[in-house]
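One structure, pasted below without further comment.
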Amino acid sequence: MAYSDKVVDHFNNPRNMGSFKKDEEGVGTGMVGAPECGDVMKLQIKVQDDTIVDAKFKTFGCGSAIASSSLATEWLKGKTIEEAQKIKNTDIVQELNLPPVKIHCSVLAEDAIKAALADYQKKADEKTK
Amino acid sequence: MPVPLEAVMDHTHTHNPSGRRELQMARSMCWHCSSEVTGEYFCERCVKVQPVSKDVDYFTCLGFPRRLSIDQQRLEAKFYEMSRAFHPDFFQGKTPEEQTISLANSALLNTAYRTLRDPIQRAEYLLDLEAGAVKEIRTTPPADLFEEILELQDTLEEYRSADRTSAAGQQLRTKLQDEQQTLERRKTDMETHLQRLFAEWDALQDRGEATDAARATRDKILKQMREILSNRTYVKNIVNDLVATIS
């Protein structure tokens with residue numbers, strides 16, 4: 001099964017590839033993996049005043065995993081923490097037209113978003129203590 | 001009426017837990033003459049081949065107990081014996097129903113054999129079968145390992161874009177070669193650990209105790225196996241990337 005045009009586009013021109021320093025102010029880091037295929041995904045958000053001002057990712061895996069995380073960073077930018085929580089893997093599946101065998105890639109991206117948000121929250125809570 | 005192919009060939013890794021008690025080699029009633037099937041793969045009365053139930057797991061299909069150490073020679077012998085019984089070539093002149101059953105049985109048999117033949121795939125499959133009963137079998141991602149992998153991927157990226165004949169390129173290459181060796185050693189260690197867990201699992205199953213302690217041990221072994229198998233996959237992937245880039 002061939003990849004959809006959108007997957008190919010994200011694969012060839014990944015958006016927001018890279019990383020922030022983990023201990024940087026307002027940065028939340030999510031690292032997740034898929035044990036079945038061994039794909040590894042790192043997704044980071046930079047938050048200011050409850051809004052995600054920047055997002056970056058690094059993914060080592062198949063085209064769908066790269067496209068899913070690339071798309072996720074695009075969507076995250078400009079969203080509030082609350083809005084970001086609402087991103088679902090099914091939204092990614094729909095946008096990228098992922099076939100059933102690649103749905104786990106979108107799940108991985110959702111997990112990465114959740115992990116990054118949780119990490120940001122944890123760091124913020126520690127600061128206010 | 002012929003059995004639709006896709007229905008009989010749909011052998012996924014998932015199993016119906018409620019159907020586990022009725023696991024059997026062939027359906028108990030012959031699809032053709034409705035008599036009780038007493039033979040192993042064929043109805044003794046009308047001599048028709050019998051479909052292997054979809055609920056049968058691969059261990060049962062090949063007549064092995066659910067253990068992680070398997071006698072490879074016995075497995076192979078059993079596979080050949082069953083292949084000869086089911087092979088579609090022997091059903092050329094038979095009815096469409098029998099041809100369909102022969103094809104479906106052969107497909108199931110091939111998948112079962114391929115899965116059980118490889119120790120890692122066998123363990124992954126056993127985990128799939130047993131996982132339903134184990135809570136939280138999904139372990140937390142190994143953060144240290146991920147950090148290491150991501151860092152290594154960065155170095156790989158650097159090497160790919162570097163001039164490989166330059167001193168810096170050579171240095172990177174040596175570094176990556178060292179990493180490859182370290183990781184391969186770790187993969188071997190993981191496999192040794194897995195072998196130990198496999199033996200523990202088999203011993204536990206052989207004892208067949210139904211105590212809380214036995215159940216706790218069982219869950220612990222399964223969880224450890226899941227964790228090491230996952231980590232092994234991550235390590236295997238990065239080793240493959242290393243090998244592909246520097247050799």
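Throughout, a chain's letter reflects where its sequence line sits, starting with A, and its residues are numbered from 1.
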message: Tell me if the CD atom of A:Gln94 is crowded by more than 12 foreign heavy atoms within 6.0 Å.
response: no
Notebook entry, point to check: Should we count CD of B:Glu151 as having more than 12 external heavy atoms under 6.0 Å?
Noted result: no
- In this structure, are over 12 heavy atoms from other groups packed under 6.0 Å from B:Gln171 atom CD?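 12 or below, so no.
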Contacts of A:Glu24 meeting salt bridge (Lys or Arg N to Asp or Glu O under 4.0 Å) (sequence neighbours excluded), chain-then-number -> A:Lys46
Are there over 12 heavy-atom neighbours, none belonging to A:Glu25, within less than 6.0 Å of that residue's CD? no
If you count the non-hydrogen atoms of other residues, nucleotides and ligands that lie under 6.0 Å from CD in A:Glu82, is the total more than 12?
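No, not enclosed.
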- Which atoms form the tightest heavy-atom contact between B:Asn237 and A:Asp39, and what is the distance?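 Closest heavy-atom pair between B:Asn237 and A:Asp39: ND2-N, 4.2 Å.
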inquiry  = So which atom in A:Val32 and which in B:Phe146 form the shortest heavy-atom distance, rounded to 0.1 Å?
reply    =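 It is C-CE2, 3.3 Å.
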Legend entry - Spatial distance of atom CE (A:Met31) from atom CG (B:Leu145) [nearest 0.5 Å]: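 If we round to the nearest 0.5 Å, A:Met31:CE and B:Leu145:CG are 10.0 Å apart.
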Measuring from atom CG of B:Asp154 to atom OG of A:Ser19, what distance do you get when rounded to the nearest 0.5 angstrom?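 That separation rounds to 6.5 Å.
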**Prompt:** Which residues from residues 54-62 of chain A are near chain B, with near meaning under 4.5 Å between non-hydrogen atoms?
**Reply:**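 Hits under 4.5 Å: A:Lys58, A:Phe60.
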Has B:Asp178 got more than 12 heavy atoms of other residues, nucleotides or ligands less than 6.0 Å from its CG?
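Atom CG in B:Asp178 is crowded, with more than 12 foreign heavy atoms closer than 6.0 Å.
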Checklist entry - Counting heavy atoms not belonging to A:Lys88, are there more than 12 under 6.0 Å from its NZ? => result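 Count over threshold, so yes.
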Exercise. Taking the side chain from B:Tyr234 and the backbone from A:Cys37, do they hold a donor-acceptor pair closer than 3.5 Å?
Worked result: no
